[in-house]
Q: 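The structure under discussion is supplied below as structure tokens; questions concerning it will follow.
Position 1 is the first residue of the sequence; numbering continues from there.
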Amino acid sequence: MKKGGLLLALLLVLVVCISLYAFVVSMNRQQPDDEESAPVLTMVKSISVENITGFTLTNTNGSHALKRQQSGWVYNEDSHFPLNTDLVNTTLEALSSISAIEVLAREGEDVAAYGLDAPQMTVSVTESADDGEQTTRFLIGNYNSFNGYYYMMIEGGDDVFIIDNKLVDLCGKEEKDFVRLDTLPENLTADNITAITVNYQGEEHKFTEESENFADLAKAAGALSLAQYEKYYVDKENDPLPVEIVISYSDTVNSSAEGSSSVTSAVNYEYKITASDHVEDGMVFFTVEDSTILYRMESEKFIGLDFLFEK
């Protein structure tokens, strides 16, 4: 019995050792796979962000040219443009270091095979140099659905690079992506609205909680949306929107002085909207506060004031 017990113990030890060995071998085999999943990148172009003086992104949505001036970055030479500086900074970081997953040896092969004879996107980056400024133009061609990558080359160069979609995503932006859009107050909700005042053609229409249809108007006003961007600039002085809507609302705030308990009080706010007085393709066009950005919204949803608008 003692010999049988010893043999069993030895077998158990052997099984544990084999299991540990198999685990270690398995981990060692997995490690190279993990390393292979992250390809070694080849640097195509490296530029200091501070040296980039301009860049132009061209795609099927148009051309977006940004230039650094003393006052900051300007979009398409338009000082009225409310520029989204977060997107500008993100783009600058991406353009300062452009890398490739692989460099292809063309060996005389026509670039048309990669869609680079008529690129779907281009990126031009201008940088300051000792002898002035120099511009590098990147051409982005076909998408390779097999590996999920794109083909790129530098204009005037010979190499074709395989890149991921990081640069492509930045190049595919529309005008509205570069706009610093407005935001609505978080506490502008139907429950907080106390009055809606409309000034139109010299007449004032005021709706309060005592008004018959106030609940519906407040619900519509609380659902106001800036999701549908129309254009970035309206000349309010020379071409003003004729309908002025002032939404009055209140919210509670907690305040306390040093050594005293917290006090809850109601604070009143106003939010101004200026809108068109007619419906075009089912839409009403409007701006908010002092902004020059024009938005649109379905007339039947727009604060429930369709009775003001000409059909």
Q: Can Leu66 and Leu83 be said to form a side-chain contact (heavy atoms from CB on, under 4.5 Å), step by step?
A: CA-CA 10 Å; Leu66 288 95; Leu83 191 59; 3.8 Å; yes

Q: Quick check, are the ring centers of Tyr249 and Tyr269 under 6.0 angstrom apart?
A: yes

Q: Applying side-chain contact (heavy atoms from CB on, under 4.5 Å) to Tyr114 and Asn144, what does each step give before you reach the verdict?
A: CA-CA 9 Å; Tyr114 305 102; Asn144 188 325; over 6 Å; no

Q: Under 3.5 Å, is there a donor-acceptor pair linking the side chains of Tyr233 and Asp78?
A: no

Q: Indicate yes or no: at least one non-hydrogen side-chain atom of Val168 is less than 4.5 angstrom from one of Tyr143.
A: no

Q: Where the side chain of Asn192 meets the backbone of Asn187, is there a donor-acceptor pair that is under 3.5 Å apart?
A: yes

Q: Looking only at side chains, do Ser97 and Ser46 share a donor and an acceptor under 3.5 Å apart?
A: no

Q: Give a yes-or-no answer on whether the side chains of His80 and Tyr232 include a donor-acceptor pair shorter than 3.5 Å.
A: no

Q: Minimum heavy-atom separation for Thr208 and Ala195, please, with both atom names.
A: CG2-CB, 4.3 Å

Q: Given the rule that I, L, V, M, F, W and Y join up when any side-chain heavy atoms are under 4.5 Å apart, are Phe286 and Leu294 in one cluster?
A: no

Q: Are Ile140 and Pro119 packed together at the side-chain level, in the sense that at least one heavy-atom pair is separated by less than 4.5 angstrom?
A: no

Q: Between Asp182 and Glu289, is the side-chain contact (heavy atoms from CB on, under 4.5 Å) condition met? List the steps.
A: CA-CA 9 Å; Asp182 303 295; Glu289 295 287 284; over 6 Å; no

Q: What is the minimum heavy-atom distance between Asn61 and Asn59, and which atoms define it?
A: N-OD1, 2.7 Å

Q: Is any side-chain heavy atom of Thr183 closer than 4.5 Å to a side-chain heavy atom of Leu226?
A: no

Q: Would you sort out whether Ile47 and Leu95 count as a side-chain contact (heavy atoms from CB on, under 4.5 Å), showing the intermediate values?
A: CA-CA 8 Å; Ile47 312 172; Leu95 297 180; over 6 Å; no

Q: Working to the nearest 0.5 Å, report the span between CG of Asn199 and CD of Gln201.
A: 12.0 Å

Q: Write down the atom of Ile193, the atom of Ala218, and the distance for their closest heavy-atom approach.
A: CD1-O, 3.6 Å

Q: Is there side-chain contact between Asp281 and Arg296, with heavy atoms separated by less than 4.5 Å?
A: no

Q: Would you kindly confirm whether Tyr200 and Ile247 end up in one hydrophobic cluster when ILVMFWY residues are joined by side chain heavy atoms under 4.5 Å apart?
A: yes

Q: Hey, is NZ on Lys236 packed in by over 12 heavy atoms from elsewhere, all under 6.0 Å?
A: yes

Q: Under 3.5 Å, is there a donor on one side chain and an acceptor on the other for Thr287 and Thr274?
A: yes

Q: Minimum heavy-atom separation for Tyr149 and Ile163, please, with both atom names.
A: CB-O, 3.3 Å

Q: Are Glu175 and Tyr229 close enough that a side-chain donor and a side-chain acceptor fall under 3.5 Å?
A: yes

Q: Are Met297 and Leu181 linked, directly or through intermediate hydrophobic residues, by side-chain heavy-atom contacts shorter than 4.5 Å (ILVMFWY only)?
A: yes

Q: For a quick test of reading the model, state the closest non-hydrogen atom pair linking Thr56 to Ala65 and the distance between them.
A: OG1-CB, 3.6 Å

Q: When you look at Tyr150 and Asn165, which way does the side chain to side chain donor-acceptor pair (under 3.5 Å) test go after all the steps?
A: CA-CA 7 Å; Tyr150 290 82; Asn165 61 353; over 6 Å; no

Q: If hydrophobic clusters are built from ILVMFWY residues whose side chains come within less than 4.5 Å, do Leu224 and Leu241 share one?
A: no

Q: Checking ring-ring contact (aromatic ring centres under 6.0 Å, His included) against Trp73, which of Phe81, Phe178, Phe55 comes through?
A: Phe55

Q: Between Asp177 (side chain) and Glu174 (backbone), is there a donor-acceptor pair under 3.5 Å?
A: yes

Q: Do the non-hydrogen side-chain atoms of Glu298 and Gln228 ever get within less than 4.5 Å of each other?
A: yes

Q: Is there side-chain contact between Val44 and Met152, with at least one heavy-atom pair below 4.5 Å?
A: yes

Q: Are the side chain of Lys176 and the backbone of Glu230 linked by a donor-acceptor contact shorter than 3.5 Å?
A: no

Q: Quick one: does Phe302's side chain get under 4.5 Å of Ile245's, heavy atoms only?
A: yes

Q: Using the rule that Ile, Leu, Val, Met, Phe, Trp and Tyr join whenever any side-chain heavy atoms are under 4.5 Å apart, tell me whether Val243 and Leu217 fall into a single cluster.
A: yes

Q: Can you tell if the side chain of Asp251 reaches within under 4.5 Å of the side chain of Val267, non-hydrogen atoms only?
A: no

Q: Give a yes or no answer on whether the side chain of Thr136 reaches the backbone of Val125 with a donor-acceptor pair at less than 3.5 Å.
A: no

Q: On a heavy-atom basis, which atom in Asn142 and which in Ala113 lie closest, and how many Å separate them?
A: ND2-O, 3.9 Å

Q: Count the heavy atoms belonging to other residues, nucleotides or ligands that lie under 6.0 Å from CD of Glu204, then report whether that count exceeds 12.
A: yes

Q: Between CG of Asn213 and NZ of Lys219, what distance do you get to the nearest 0.5 Å?
A: 14.0 Å

Q: Count the heavy atoms belonging to other residues, nucleotides or ligands that lie under 6.0 Å from CG of Asp235, then report whether that count exceeds 12.
A: yes

Q: Donor-acceptor pair, distance only, cut-off 3.5 Å: does the side chain of Arg68 make one with the backbone of Ile52?
A: yes

